[in-house]
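Hydrogens, waters and symmetry mates are skipped; everything else that's a heavy atom, side chains included, is used. Throughout, residue positions are numbered sequentially from 1 according to the sequence presented.
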Amino acid sequence: MARLASSASLLALRRWAVIGDVLNPSKPASWVVSRLRHHNKEVHLANPRAEKGALPQSLAEVLTEVPDLEVVDLVVNPREGLRQLRALPPDTPLHVFVQPGAESAKIREECEARRWPFFEGCVLVEMPASARL
């Protein structure tokens with residue numbers, strides 16, 4: 001069974017992928033990217049609605065570019081988040097950070113089935129801008 005991870009255990013990791021509307025400065029996914037970079041995290045971007053070739057459209061694409069990815073941050077609707085997770089190879093070692101609005105019982109079940117530690121919460125709350133981790 002997957003562990004419900006502490007936010008601190010995930011925030012201590014360095015290589016992240018954020019999936020959502022990551023290039024739109026008025027959207028939370030973009031704010032999450034900025035906050036992670038402010039804390040010197042290596043952040044890779046994906047947007048399932050991006051034009052082909054402009055940005056990876058899936059976590060699987062990011063994983064081919066960054067095989068040692070440590071954390072995926074879901075800033076998409078739960079249906080899309082589940083689709084993205086299910087498309088990853090079964091033996092992929094990951095941690096999953098699920099932003100508010102992206103959570104679902106099916107995402108929790110997928111994480112548990114794959115033994116992925118996960119945390120449901122907000123990076124913007126858990127990682128204050130004023131504090132350096």
Side-chain angles (χ1 to χ4, degrees):
M1 186 150 112
R3 298 179 313 274
L4 182 59
S6 70
S7 63
S9 67
L10 271 66
L11 295 174
L13 299 172
R14 177 157 161 54
R15 284 175 297 287
W16 289 64
V18 178
I19 185 158
D21 198 355
V22 292
L23 298 180
N24 185 338
S26 68
K27 297 290 185 165
S30 173
W31 308 339
V32 168
V33 169
S34 294
R35 183 67 53 87
L36 289 167
R37 287 182 172 161
H38 175 78
H39 287 278
N40 300 315
K41 304 299 180 184
E42 178 183 316
V43 184
H44 303 273
L45 311 178
N47 182 345
R49 295 182 178 168
E51 288 187 34
K52 202 152 187 82
L55 197 65
Q57 293 179 312
S58 71
L59 293 172
E61 285 180 74
V62 173
L63 200 57
T64 61
E65 297 171 12
V66 188
D68 57 349
L69 192 65
E70 296 172 292
V71 184
V72 298
D73 192 345
L74 303 177
V75 197
V76 291
N77 70 61
R79 187 175 56 253
E80 180 62 29
L82 183 62
R83 189 180 77 73
Q84 292 288 330
L85 294 177
R86 286 184 172 164
L88 296 174
D91 60 344
T92 305
L94 279 179
H95 299 76
V96 180
F97 204 108
V98 186
Q99 295 293 136
E103 70 273 12
S104 75
K106 289 186 178 190
I107 287 177
R108 284 189 292 279
E109 291 166 9
E110 187 71 18
C111 290
E112 289 171 357
R114 294 187 185 229
R115 300 186 185 278
W116 288 336
F118 66 97
F119 179 81
E120 294 175 336
C122 182
V123 164
L124 302 173
V125 172
E126 301 294 326
M127 183 182 269
S130 59
R132 290 276 184 173
L133 299 178

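- A pairwise comparison of heavy atoms in Leu11 and Met127 identifies CD2-CE, 3.5 Å as the closest pair.
- When all heavy atoms of Leu94 and Pro117 are compared, the pair lying nearest together is O-CD, 3.5 Å.
- Taken from CD1 in Ile19 to CG in Asp73, the straight-line distance is 10.5 Å, to the nearest 0.5 Å.
- Contact detail for Ala46 and Ser58: the closest heavy-atom pair is CB-O, 4.0 Å.
- Side chains of Val62 and Trp16 form no contact here, defined as non-hydrogen atoms less than 4.5 Å apart.
- Listed by first and then second residue, the salt bridge (charged side-chain N to carboxylate O under 4.0 Å, His left out) pairs involving residues 85-96 are Arg86-Glu110 (not counting sequence neighbours).
- Residues Ser7 and Val125 are not in side-chain contact: their nearest non-hydrogen atoms beyond the backbone lie 4.5 Å or more apart.
- Sorted by first then second residue, the ring-ring contact (aromatic ring centres under 6.0 Å, His included) pairs that include residues 48-73, not counting sequence neighbours, number zero.
- Side chain of Lys27 to main chain of Val22: no donor-acceptor pair is present (N/O by atom type, distance under 3.5 Å, no hydrogens or angles).
- Remark: Thr92 pairs with no residue by the side-chain hydrogen bond (donor to acceptor under 3.5 Å, both in side chains) rule, at least two apart or across chains.
- Under a 3.5 Å cut-off, the side chain of His95 and the backbone N or O of Glu70 do form a donor-acceptor pair.
- To the nearest 0.5 Å, the span separating CD on Glu126 from CZ on Phe97 amounts to 5.5 Å.
- Rounding to the nearest 0.5 angstrom, the gap separating the CG atom in Leu13 from the CG atom in Leu36 is 11.0 Å.
- Remark: Ser26 engages Asn24 in a side-chain hydrogen bond (donor to acceptor under 3.5 Å, both in side chains) (not counting sequence neighbours).
- Under the 3.5 Å distance criterion, the side-chain polar atoms of His39 are matched with a main-chain donor or acceptor of Pro128.
- When side chains are defined from C-beta on, Trp116 does not count as touching Val72, because their heavy atoms never get closer than 4.5 Å.
- Minimum heavy-atom separation, Pro100 to Gly121: CD-O, 3.3 Å.
- One N or O on the side chain of Gln99 and one on the backbone of Val123 form a donor-acceptor pair closer than 3.5 Å.
- By the side chain to side chain contact (heavy atoms under 4.5 Å, CB included) test, Ala54 is found to be paired with Glu51, residues two or more places apart in sequence or in another chain being considered.
- Every residue meeting the side chain to side chain contact (heavy atoms under 4.5 Å, CB included) condition with Leu23, not counting sequence neighbours, appears here in chain and number order: Leu45, Leu55.
- Of all heavy-atom pairs between Val18 and Ala29, the closest is CG1-O, 4.1 Å.
- Scanning both residues, Pro78 and Ser104, for their nearest heavy atoms gives CB-CB, 3.7 Å.
- For Ser34, there are no side chain to side chain contact (heavy atoms under 4.5 Å, CB included) partners two or more places apart in sequence or in a different chain.
- Remark: Glu80 engages Arg83, Gln84 in a side-chain hydrogen bond (donor to acceptor under 3.5 Å, both in side chains) (not counting sequence neighbours).
- For Glu42, the side chain to side chain contact (heavy atoms under 4.5 Å, CB included) partners two or more places apart in sequence, or in a different chain, are Arg14, Arg15, His44, Val66.
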Run Arg108 and Glu120 through side-chain contact (heavy atoms from CB on, under 4.5 Å) and show every step you take.
CA-CA 9 Å; Arg108 284 189 292 279; Glu120 294 175 336; 2.7 Å; yes
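- Checked by atom type and distance alone, the side chain of Lys52 never pairs as donor or acceptor with a backbone atom of Gln57 at under 3.5 Å.
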